[in-house]
Amino acid sequence: MPELPEAETVRAQLEPQLVGERILYSWARTARITAPSIDEFSARTQNQTIVAAKRRGKQIYFPLQSGDSLLVHLGMTGRLHVEDDAQFESDALHRHIQGVLRLSNGKRLVFTDPRTFGKLGVTRELDFLKKMGPEPLGDDFDAEKIVQKLAKKNVRIKAAILDQNLVAGLGNIYADEVCFLARIHPETLASQIPIEKLRELVGTMRPTLERAIAARGATLKDGGYQDTFGQFGEFIPQIYGRKGEGCDNCGALIERGVLGAGKTARSYHFCPNCQKK
DNA sequence: AGACGTACCTGACCGC
DNA sequence: TGCGGTCAGGTACGTC
């Protein structure tokens, strides 16, 4: 699923294709995905020039000449493609088109999202980006501040680092990955983890995300994620999705667990030997 | 205010 | 083969 490395890959690929282009026409399928409304989305994006391609955590946004920004969150199954505007696409995914922007360079930006957990919006208000937790790739990333916050949290560590208000950009894949790299069981209460372990955990976030970006993100066995060219990500997680396989570190069989219950349940993967409670 | 529970959605997968 | 049930999970919001 798209997390920070996947969002960054998409952003970087779109930047040279979109910046400086004018949006001739825009269309969105449903108000459930599009904010504030379909009509307003079109009105505020049409005839606007895209001035930049930015990202914050998993959020991708494109400042427009008007001062508004076009916002995209890929959710779980969202994809952004740039294709020739004249081309007819019969790809099965195109049944799930949620939005289209026709551009002045003869291309169009297409947002598809089968499971519709994604978001497509336009807003002038970007304060919510500032309220998110620190950006792991940012120059001012203060790992120690996060360590101190975690030390006070009475929440299981996996849930804690998935919280976008603590640190922005981790999802299920990379949260599992950093727990594995720091040898911490995902269900351990954050407040019960030795401070040095927490430092190890937070310290591994940035290099892990950077390695994933270098591989253009991760595509799981379901093939869900594709970059803007339809290519799969080549980052291979050491732990997520590898239930029953041997741990890279010790060879023990990787197990899968579930955090929470009912509709809230989130799966996690761990090595029972390297990550003891 | 922090912790936790609920809802959204549909392709893929599983068991009978 | 076909069909119905279950799973997956990012995030907003409600509740205690």
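Residue order along DNA chain C, read from the 5' end via each residue's closest nucleotide, puts A:M76 first among A:F128 and A:M76.
Contact between the side-chain N/O atoms of A:K119 and the OP1/OP2 oxygens of C:dA12 is not found at any separation under 4.0 Å. Regarding contacts with the backbone of B:dC9, every side-chain N or O of A:H96 stays at 4.0 angstrom or more from both OP1 and OP2. Within the structure, a side-chain polar atom (N or O) of A:H73 is placed less than 4.0 Å from OP1 or OP2 of C:dT11. At the phosphate of B:dG2, neither OP1 nor OP2 sits under 4.0 Å from any side-chain N or O atom of A:K153. Checking the phosphate oxygens (OP1, OP2) of C:dG10, no side-chain nitrogen or oxygen of A:Q164 falls inside 4.0 Å. For A:R32 and B:dC9, the shortest distance from a side-chain N or O to OP1 or OP2 is below 4.0 Å.
If you check the side chains of A:E6 and A:Y174, you find a donor sitting under 3.5 Å from an acceptor. Side-chain contact check for A:R124 and A:S69: no donor-acceptor pair (N or O, by modelled atom type) lies under 3.5 Å. One side chain, A:R79 or A:Q226, offers a donor N or O that lies under 3.5 Å from an acceptor on the other. Looking at A:R22 and A:N47, their side chains do bring a donor and an acceptor atom within 3.5 Å of each other. Checked by atom type, the side-chain pair A:T9/A:D227 shows no donor-acceptor distance below 3.5 Å.
The CG atom of A:L259 sits 12 Å away from the C1' atom of B:dC4 (whole-angstrom rounding). A:R79 places its CZ atom 12 Å from the C1' atom of B:dG11, with the value rounded to the nearest Å. The separation between A:E3 atom CD and C:dG10 atom P is 6 Å, rounded to whole Å. A:F117 has its CZ atom 5 Å from the C1' atom of B:dC8, to the nearest Å. Between the CZ atom of A:R29 and the P atom of B:dT10 there is a distance of 9 Å, given to the nearest Å. Going from atom CG of A:L150 over to atom C1' of B:dG2 covers 14 Å, rounded to whole Å. Taking atom CG on A:N165 and atom P on C:dC13, their separation rounds to 13 Å, with Å as the unit. The interatomic distance linking A:R156 (CZ) with B:dG5 (C1') rounds to 12 Å, in whole Å.
A donor-acceptor contact under 3.5 Å links the side chain of A:R266 to the base of C:dT11.
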